[in-house]
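Data block below; observations after.
Convention: sequence-line order gives letters A, B, ...; per-chain numbering from 1.
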2 protein chains.
Amino acid sequence: MRMSELSSRSGLAIATIKYYLREGLLPQGRPLAATRADYDESHLRRLRLIRALLEVGRLPIASIKQIISAVDDDSLPTHVMLGVARHALSAAVAPEPGDDWSEAEHDAERLIAAQGWRIGRRAPARAELVQTLHRLRQLELSTDLGHHAELAHRLVTEIEIPSVTPDGPRDSTVESVVLGTVLYGKAFDALRRLAREAAEAEVSLSTAPDA
Amino acid sequence: MRMSELSSRSGLAIATIKYYLREGLLPQGRPLAATRADYDESHLRRLRLIRALLEVGRLPIASIKQIISAVDDDSLPTHVMLGVARHALSAAVAPEPGDDWSEAEHDAERLIAAQGWRIGRRAPARAELVQTLHRLRQLELSTDLGHHAELAHRLVTEIEIPSVTPDGPRDSTVESVVLGTVLYGKAFDALRRLAREAAEAEVSLSTAPDA
DNA sequence: CATCGGTGGATACTAGCACTATCCAAACCG
DNA sequence: CGGTTTGGATAGTGCTAGTATCCACCGATG
C-alpha cells in the first residue's frame, strides 16, 4: 500500500508517519522508485503498537524506540531484549536521599521478600515502588501494601501469565509482554477506579440520609 | 516560616514555589509586610501533595489545579468536589469512531454490569477502559477482563475502602481519595510489574535448559 | 506527450508544558 | 548602614511530539 493508504487506515497524518520513519520507529517501506515505496500490514500493525504504547501507556517516543530497536535487533538474546523492554516501560526515578527514602527501601524489600519474588537489584519497577512508598510516608498514609502485593501476585500468576503464549516469533513474544504490561495495566487501573467510584457512591448513599 | 525554609524543607527551588503561588496551587502565606510572608506546615503539606500528584501520578499542573481549586472552594458540596477530583485524575480520551470502538463500548458495559457497579454515564474511567479495550481489539489481544474486574472489585472493597476514614475535614477527605487513587494505583502497578518479572524469570528458568 | 497530484527526503517551524532566570524595590538582620 | 532575602512581575529555557514547507521526481490520465 502507499503512504496515503497507510495514513487513512491508521488514522495518522502523513507528516506523523514520516516522523516515525525518521525516528526509526517504523521500518522503511519496500522502495519501488525514488519517490515511491510499498507498505504492508506489518507497517500498519507497527503503527498500532506505537500508538497503543504512546496513548494508553503514555510512554515517550524515546522509550518506544528503545523497545522497537531491541525487538528489531536479532543479535540480542530474548531475555536481554525483555530486560531492555522492561527498563523502557518505567519512568526514571531519582532517589531523594533521606531517612524516609531508606525506610521506603526497606519497606519495598520486605514486600518483595514476603512474596518470594526474585527481582534484579536495579529493576526499575522496584525504584518506582520505593518512590511511591516514600511519598506515602511523607504524607503519613499507610505503607502496608501486603494485601496489594498478594493480589498483584495472584493476578499475574493465575490470570495474566497463563494467557501468554511464549512460543512463536520473537517479536510477538516481546510484543505480548510489553503490550500485556501496558494495556492490561491500564485496564486494571481503569477498573480499579470504577470500583472505587461505585464503592464511594455506596458509602455516601448509606451515610448521607438524604440531600 | 520563610520562603527559604519552605524551599529547603520541601526540596523545591524558590522559583518553583513562586511558580506554584502564581498558578494558585499553593495559597499565599500570611503577609507580614510588603516583602515578607509567613508559611506554615499546611503549605509544606500542600507542596508534598502537589509533588506526589505530579511525580507519582504524572498529572499535569492544570489538573492538579482543578483538584486544589475544588478543595479550596467551600461552596461545593463534597460529592461534587469528588466528581471534579475524579475527572481531573483521568486523561481526556478522544473516541475513535468505528466498529472496534462500539464493540469496546459494549465490552465495557458488560464488565461494569457484571460487577454490579453503578457508574455515572460520563465517568472518565469508563472512557479510559473503552479506549484500552479498543486497542486490545485492534491488536487482537484478549478483551476478556472479567477476572481483572473481579480482582479490582475485591481490592477496592476489601482492602482500600475499609482503610479510608471518611470523617474529618473536607480537604482531608478529598486528599485521601485522590492520594489513595493515585498512590495506591501506582503502588499496585509497580507490584504487578514486579510480579510479572518474577513470574517470567520462573518460566524462562524452567523452559530454557541452560545458556 | 504534457501535466498534475501523490511521494520520499530534508529542513525548519510550532505549541504546550514545567519550570528558571532576571530584575526591582522594599525590608529585615546584624 | 550595608548586605541579603523577599514578594511580585516579566521574560526566557529545554524538551517533546509533532507540523509545515519545499523540492525534485515519478507514474497514471487524458
Checklist entry - Donor-acceptor pair, B:S63 side chain versus B:L59 backbone, under 3.5 Å? => result no

Item to check | Donor-acceptor contact present, side-chain B:H43 to main-chain B:D40, <3.5 Å | outcome: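 Here the side-chain-to-backbone pair exists.
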
Next on the checklist: Could you report the tightest heavy-atom contact between A:D189 and B:G185, atom names first, then the distance?
Outcome noted: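 Smallest heavy-atom distance, with atoms named: OD1-CA, 4.3 Å.
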
Checklist outcome for this item: In short, B:L49 meets A:L139 closest at the heavy-atom pair N-CD2, 4.1 Å

Checklist entry - So which pairs with a foot in residues 44-59 of chain B pass side chain to side chain donor-acceptor pair (under 3.5 Å), sequence neighbours left out? => result A:R135-B:E55, B:Y20-B:R51, B:R45-B:E175, B:R46-B:D72, B:R51-B:E55

Checklist entry - Are B:Y184 and B:L179 close enough that some pair of their side-chain heavy atoms sits under 4.5 Å apart? => result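 No, every pair of side-chain atoms sits at 4.5 Å or beyond.
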
Checklist entry - Which of residues 18-38 of chain B have a heavy atom under 4.0 Å from DNA chain D? => result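 DNA chain D contact set from residues 18-38 of chain B: B:K18, B:R22, B:Q28, B:A34, B:T35, B:R36, B:A37.
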
Checklist entry - Of all of residues 57-66 of chain A, which get a heavy atom below 4.0 angstrom from DNA chain D, listed by number? => result A:P60, A:I61

Checklist entry - What residue pairs, at least two apart or across chains, pass salt bridge (Lys or Arg N to Asp or Glu O under 4.0 Å) with a residue in residues 17-32 of chain A? => result A:R30-A:D38

Checklist entry - Can you pull the contact range of chain B along DNA chain D, 5' to 3', using atoms under 4.0 angstrom from its heavy atoms? => result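 Contact boundaries, 5' end first: D:dT5 to D:dT10.
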
Checklist entry - Start at the 5' end of DNA chain C and walk down; is the nucleotide closest to B:R2 or to B:A13 reached first? => result B:A13

Checklist entry - Are the charged groups of A:E160 and A:R154 less than 4.0 angstrom apart, N to O? => result no

Item to check | Pair A:E105-A:R126, salt bridge (Lys or Arg N to Asp or Glu O under 4.0 Å): steps then yes or no | outcome: CA-CA 9 Å; A:E105 282 181 329; A:R126 180 198 295 254; over 6 Å; no

Checklist entry - With sequence neighbours left out, what residues match A:K186 under salt bridge (charged side-chain N to carboxylate O under 4.0 Å, His left out)? => result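 Result, salt bridge (charged side-chain N to carboxylate O under 4.0 Å, His left out) vs A:K186: B:E128.
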
Can you check the [X] [atom1] to [N] [atom2] distance for me, whole Å?
| X | N | atom1 | atom2 | answer |
| --- | --- | --- | --- | --- |
| B:L54 | C:dC17 | CG | C1' | 10 Å |
| B:L12 | C:dA18 | CG | C1' | 12 Å |
| B:L47 | C:dC19 | CG | P | 12 Å |

